[in-house]
Amino acid sequence: MSALGVLLKKELHATFTSPVAWAVGGVFLLVAGYTFSLSLFMTKVANLTYVFHQLYILLVLLVPVITMRSFAEERKAGTLELLLTAPVREISVVLAKYLSSLALVLVLLVASTSYAAVLALHGDPDLGPIAGGYLALLLLASLLVGVGTLWSSITENQVVAASASLGTFLMLWFADSVAYILPEPIDLFFVNLSLLGHFAPFVSGSVFLSDAGYYLTGTLLALFLTTRALADR
Amino acid sequence: MVELRNVTKRYGAHLAVRDVTLSVAEGEVLGLLGPNGSGKTTLLRMLTGAHTPTSGQLTVAGFDSVRQPLEARRRVGYVPESHPLYDHMRVREMLSFMAALRGVERGAIRGAVGEVAESLSVDDVLETPVRHLSRGYRQRVAIAQALVHRPSVLVLDEPTNGLDPRQIIETRNLIRGLAGRCTVIMSSHILSEIARTVDRVAILLRGGLLTVRSMAETPDLEALFLSLA
């Protein structure tokens, strides 16, 4: 097994057996189920637009809790030193931590597809926006987990890592609001930084490469910076 | 086996290790002696690859720690001062994980774990969760994880810190037992421990290497240390 495989196996075990994972999973599914039931019974419309926006908020709030432990816990326990003195590349350590956190989010998103299944069984939903919504959630999760992992690699305090991640997500969420007080062309930059601005088109069924590029570029940048943070010692 | 040429390490404006040149032979036990803040741990961390030198050259078994870091790290086993271990794992899992991570072939892992566990007398706790280990067992498992891939160089940071007298004697005997088979580099600020354990001693002060002496030619280490520091 490659070093990445060995590390990923360990990280997946640690992630899925952690009480944090079960607590986050429970909250996620409870709130998502509540939102789905409420929107379905109130609007009686077979779409998941409202649910996707709720899941967006849930990911912004819960991903920091999932990623806060990845590096901060190991740094505090001293075990990060064991990983960094082993003959493995820093990128393997980063990817293992990143993929295990992303896997937990993916499991939650897969569980939430039961809502789409319920709609398909009892109604005739437009599957385009549903597929777009899940693609958006996947891309959003990849970026949020990347940024959360980056913050966790910088500090040994899990609460600081979670707070910094949440702060970053909220700043990105409302980045386009800052544009109103900025001159051209800087305002355009902040409009394009918006987390929600790149999310909403997917949910309405419009998939733009630029929106996907935003999430993918952000994810790669976060992973690059995390690797640099580990390598710079 | 280990060569340092004009190795310097800076953390911003702080000079942690200053222009150290030193070589350690195969199978030798070398002690780094110095007060707190003398640069012992920084030097050990550079040897393990946890930190890289700001300038100078450091090679392990001929592999440059900056240009060939993976090859250099493959030949080193490291026991940090706090004996960090994965508390959620059982001892066997912990040792198997470290063996796999350090490149032991999949089919050879079970044998390597059994062998190192027996040599360090931790075979009776292989199925015990790490968080339930006593301090003495924890220290032995920490050494076992560093030896499981049969490294050429074993690096120990303050190995007897916090141990009771019996555990100190056991650790000393263990390190002496490795002499000849493996190059051992250990740090300590306890003069008597260094005097009883190592073949040669390197005395550090404020990041600089003051002297390197053979223990056979140093009957009074305390007097030497006081004369230098």
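Small disclaimer: the values here were computed from a predicted structure and weren't measured.
Summarising the local packing, CZ of B/R150 is surrounded by 12 or fewer heavy atoms from other residues, nucleotides or ligands at distances under 6.0 Å. The neighbour count for B/Q68 CD, taken as heavy atoms of other residues, nucleotides or ligands under 6.0 Å away, is above 12. Around atom CZ of B/R176, more than 12 heavy atoms belonging to other residues, nucleotides or ligands sit under 6.0 Å away. No more than 12 heavy atoms of other residues, nucleotides or ligands lie within 6.0 Å of OH in A/Y34, so this atom counts as exposed by the packing criterion.
Between chain B and the residues A/L80, A/T79, A/V6, A/L7, the most heavy-atom pairs under 4.5 angstrom are made by A/T79. In terms of heavy-atom pairs under 4.5 Å with chain A, the best-connected choice from B/H88, B/R45, B/R75 is B/R45.
Checked by atom type and distance alone, the side chain of B/R73 pairs as donor or acceptor with a backbone atom of A/A86 at under 3.5 Å.
Only the side chain of B/M94 has a heavy atom closer than 4.5 Å to any heavy atom of chain A. Both the backbone and the side chain of B/R102 come within less than 4.5 Å of a heavy atom in chain A.
The CG atom of B/L101 sits 8.5 Å away from the OG1 atom of A/T85 when rounded to the nearest 0.5 Å. The OH atom of B/Y86 sits 3.5 Å away from the CG atom of A/L83 when rounded to the nearest 0.5 Å. Of the inter-residue distances, the one linking A/E81 atom CD with B/H51 atom NE2 reads 6.5 Å to the nearest 0.5 angstrom.
Interface residues of residues 53-78 of chain A toward chain B, defined by a heavy-atom distance below 4.5 Å and sorted by number: A/E74, A/A77, A/G78. Residues of residues 150-165 of chain A never come within less than 4.5 angstrom of chain B, heavy atom to heavy atom. Within residues 11-20 of chain A, the residues that have a heavy atom under 4.5 Å from a heavy atom of chain B are A/H13, A/A14, listed by number.
Under the side chain to side chain contact (heavy atoms under 4.5 Å, CB included) criterion, A/A116 pairs with A/L48, A/I130, sequence neighbours left out.
Residues B/E71 and A/P87 form no side-chain contact, since every pair of their non-hydrogen atoms from C-beta on lies 4.5 Å or further apart. Between A/L82 and B/P80 the shortest side-chain heavy-atom distance falls below 4.5 Å.
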